[in-house]
Amino acid sequence: MRAVGYETTGDVDVLADLVVPRPDGLAPDEVEVRIVRSGVNPTDWKSRRGALHMPIGPGKPQIPHHDGAGTVERVGVDVDKSLVGARVWVHEAAYRRLGGTAAEYVAIPAAQTAPLPENVEFDTGAALGIPFMTAHRALTLIEGGPAELTPGSLAGRFILVAGGAGAVGNAAIQLARWAGATVITTVSSPRKSQLAQAAGAHHVLNYRQSSDAAADIRKWAPDGVDAVVEVAPAANVDLDAAVLKPSGVVAIYADDGQGPLSLPVRATMTANARYQFILVYTMPDDAKRAAVRGIQAALADGHIHIGEAHGIPVHHYPLSQVREAHTDLERGLVGRVLIDVTS
Ligand SMILES: NC(=O)c1ccc[n+]([C@@H]2O[C@H](COP(=O)([O-])OP(=O)(O)OC[C@H]3O[C@@H](n4cnc5c(N)ncnc54)[C@H](OP(=O)(O)O)[C@@H]3O)[C@@H](O)[C@H]2O)c1
C-alpha cells in the first residue's frame with residue numbers, strides 16, 4: 001500500500017513516500033480501515049521533529065497522523081462482522097503505534113473508531129479526533145458540570161475559549177455552543193474574528209486591540225466565566241485569573257513557550273480556582289469514551305461542521321505532499337489540514 005513515513009525524527013525531509021505491506025493479520029479487537037482522509041495536527045509535526053519525546057517504537061517506519069476517516073475493510077475475530085463496509089472516523093491511530101493514517105490502510109482497535117453518519121463527509125470525520133476530543137475534555141472539567149456533553153448540559157455556563165480561530169478553539173466553540181453555553185473567545189485579527197463568529201461564538205474579542213481584555217470580557221460575563229479553554233497559559237495567566245468565577249477551571253491544553261506558569265497562590269486559593277492540564281493521549285479512558293459519545297451526539301444532531309463557513313478553513317493535500325502539509329501547518333496555516341489519501 002502507499003504510505004508516508006519516517007525512520008528517524010528530525011527535519012521535514014525525513015518524511016518519505018513509501019510502499020509498505022498492507023496490514024497483515026488483524027488482532028482480535030482490531031479493524032482494518034481503508035483511509036480516505038487523513039487529518040494533520042500540530043502534534044504530528046512535533047512528533048516527527050522529536051519534540052514530544054515519543055520515540056519511534058520497535059519496528060519502522062513510523063507512519064504519522066492520528067486522525068482519519070474511511071471505511072472498514074476487515075474485522076478481527078472479536079469484532080462485530082456487520083462493521084465491514086461501515087464509514088468510520090478514527091482517533092489516536094499513531095499513538096504508541098507505527099501505523100498512522102497517512103496510509104491507504106490502517107489496522108486499529110475497533111474501540112478507536114466510531115461510526116460516521118451517512119450525511120457527514122469524510123473531511124469532517126478526519127477533523128474530529130484530536131481537536132474535538134481535547135475540546136470535549138476541557139468543557140467537561142467544570143465544577144458541577146457534565147462529564148459528557150449533551151444539548152443543554154452547559155446551559156447557564158460562561159466559557160472563555162482562548163484562540164477561537166484555532167483548530168481546538170473552533171472545536172470548543174462548536175461543542176460549547178451545542179451544549180448551550182454562552183461562548184466568549186479571543187482572537188488576534190479581524191480575519192480570525194470572522195472565523196470565530198462563524199464557528200458560533202457569542203462574543204469575540206480581538207485581544208491585540210483591547211486595552212483591558214478582562215474588563216471587556218466582564219461586560220459579557222459580569223460574574224466571570226466557569227471555564228477557560230486555554231491554548232496560551234503563560235501569556236494569559238493574568239487575564240484568566242481576572243475573569244474566572246470562583247471555583248472556575250482553566251483547562252490548559254498547550255504550552256505556549258512563554259515560560260513556566262507562575263500563579264499567585266493566595267488569590268488562586270481564595271478563588272478555589274483549578275488549573276487542569278490536558279493531554280489527549282493520556283487523559284482517562286472514561287473521558288475519552290465520554291468525548292467520543294459527546295462528539296457522536298453532536299454529529300448526529302448536525303452540529304459539527306468544518307469549512308470556512310463554520311470558522312475553520314480546510315486545506316487539502318495529496319498523499320504525495322504530506323511534507324508540504326506539515327511545513328504549512330508548522331508555519332501557522334489557519335484551519336484544518338487534510339490529506340486526500342486516495343489521490
Ligand atoms: N494537549 C493536547 O492534547 C493537545 C491537543 C490538541 C492540540 N494541542 C496543542 O495545542 C496547540 C494548538 O493546537 P491547534 O491545532 O488548535 O493549533 P492552531 O489551529 O494553530 O491554533 C492555535 C491558536 O492559538 C492561538 N493563540 C496563540 N497565542 C494566543 C494567545 N496569547 N491568546 C489567545 N490565543 C492564542 C492562535 O490564535 P491567535 O493568532 O488569534 O492568537 C491560534 O489560532 C498546539 O500547540 C498543539 O500542539 C494539544
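Hydrogens, waters and symmetry mates play no part in the numbers below; they use all other heavy atoms, side chains included.
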Quick one, E148 with R289, criterion salt bridge (charged side-chain N to carboxylate O under 4.0 Å, His left out). Give me CA distance, side-chain angles, the key distance, then yes/no. CA-CA 9 Å; E148 183 177 326; R289 286 190 286 267; over 6 Å; no
Could you tell me if the side chain of R97 sits less than 4.5 Å from the side chain of P109, heavy atoms only? yes
Assess the side chains of W89 and Q296: does a donor N or O sit below 3.5 Å from an acceptor N or O? yes
If we only count heavy atoms from C-beta on, is the L205 to I217 side-chain gap below 4.5 Å? yes
Donor-acceptor pair, side chain of S210 and main chain of N206, under 3.5 angstrom: no
Could you tell me whether a side-chain N or O of T185 sits under 3.5 Å from a main-chain N or O of G164, the two making a donor and an acceptor? yes
So, does D340 use its side chain to make a donor-acceptor pair with the main chain of T342 at under 3.5 Å? no
Compare all side-chain heavy atoms of V31 with those of T113 and state whether any distance is below 4.5 angstrom. yes
Taking H303 for its side chain and A300 for its backbone only, find out whether a donor-acceptor pair lies under 3.5 Å. no
Do we see a donor-acceptor contact under 3.5 Å between the side chains of H326 and R48? yes
Are V72 and I108 linked, directly or through other ILVMFWY residues, by side chains that come within less than 4.5 angstrom of each other? yes
Do L160 and V243 touch side chain to side chain, with heavy atoms closer than 4.5 Å? yes
Between L15 and P64 the two heavy atoms that sit nearest each other are CD2-CG, 4.1 Å
Test your reading of the model: is there a side-chain donor-acceptor pair from N170 to the backbone of H310, 3.5 Å cut-off? yes
Do V12 and V14 sit in the same hydrophobic cluster, where Ile, Leu, Val, Met, Phe, Trp and Tyr count as joined when their side-chain heavy atoms come under 4.5 Å apart? yes
For the CG atom of L83 and the CZ atom of R74, what is their distance to the nearest 0.5 Å? 14.0 Å
So, the side chain of T186 versus the backbone of G163: is there a donor-acceptor pair under 3.5 Å, distance only? yes
Please collect all ring-ring contact (aromatic ring centres under 6.0 Å, His included) contacts where either partner lies in residues 2-26, sequence neighbours excluded, each pair once. none
Which pair of non-hydrogen atoms, one from T9 and one from S47, has the smallest distance, and what is that distance? CG2-O, 3.6 Å
Do the non-hydrogen side-chain atoms of I142 and I159 ever get within less than 4.5 Å of each other? yes
Do you know which two heavy atoms are closest between R2 and V341, and how far apart they sit? NH1-O, 3.8 Å
Salt bridge (charged side-chain N to carboxylate O under 4.0 Å, His left out) pairs touching residues 192-217, sequence neighbours excluded, are D216-K219
Results of salt bridge (charged side-chain N to carboxylate O under 4.0 Å, His left out) for R137 - residues two or more places apart only: none
At their closest point, which heavy atom of V334 faces which heavy atom of A165, and how far apart are they? CG1-O, 4.0 Å
Using distance alone, with no hydrogens and no angle criterion, decide if T43 and Y281 have a side-chain donor and acceptor under 3.5 Å apart. yes
Partners meeting ring-ring contact (aromatic ring centres under 6.0 Å, His included) with H203 (sequence neighbours left out): W220
Under 3.5 Å side-chain donor-acceptor pair for D44 and H65: no
Give a yes or no answer on whether the side chain of H66 reaches the backbone of G129 with a donor-acceptor pair at less than 3.5 Å. no
Are the side chain of R336 and the backbone N or O of H315 linked by a donor-acceptor pair below 3.5 Å? no
Pairwise side-chain contact, R323 with D17, heavy-atom cut-off 4.5 Å (strictly under): yes
Does the pair R37/D123 count as a salt bridge with the N-to-O cut at 4.0 Å? yes
What about L154 and L175, same hydrophobic cluster or not, with Ile/Leu/Val/Met/Phe/Trp/Tyr joined at side-chain heavy-atom distances under 4.5 Å? yes
I want to check something: taking the side chain as every heavy atom from C-beta on, are N272 and P246 in contact at a cut-off of under 4.5 Å? no
Going by atom types only, do Y317 and D328 share a side-chain donor-acceptor pair under 3.5 Å? yes
Side-chain ion pair, E308 and R191, N-O less than 4.0 Å: yes
Sequence neighbours left out, what passes side-chain contact (heavy atoms from CB on, under 4.5 Å) with A27? Give chain and number order. D29, E30
Between E143 and K245, does at least one N-O distance fall below 4.0 Å, as a salt bridge requires? no
Do I278 and L141 have side-chain heavy atoms sitting under 4.5 Å apart? yes
Is R34 positioned over the aromatic face of Y105, cation under 6.0 angstrom from the ring centre and no more than 45 degrees off axis? no
Taking all atoms of both residues into account, what is the closest heavy-atom pair of A171 and P131, and its distance? CB-O, 3.7 Å
Sequence-distant partners of A232, side-chain contact (heavy atoms from CB on, under 4.5 Å), two or more places apart: E230, A235, N236, D256
Any side-chain to backbone donor/acceptor pair from T268 onto L263? Under 3.5 Å, distance only. no
In short, V20 meets A3 closest at the heavy-atom pair CG2-CB, 3.9 Å
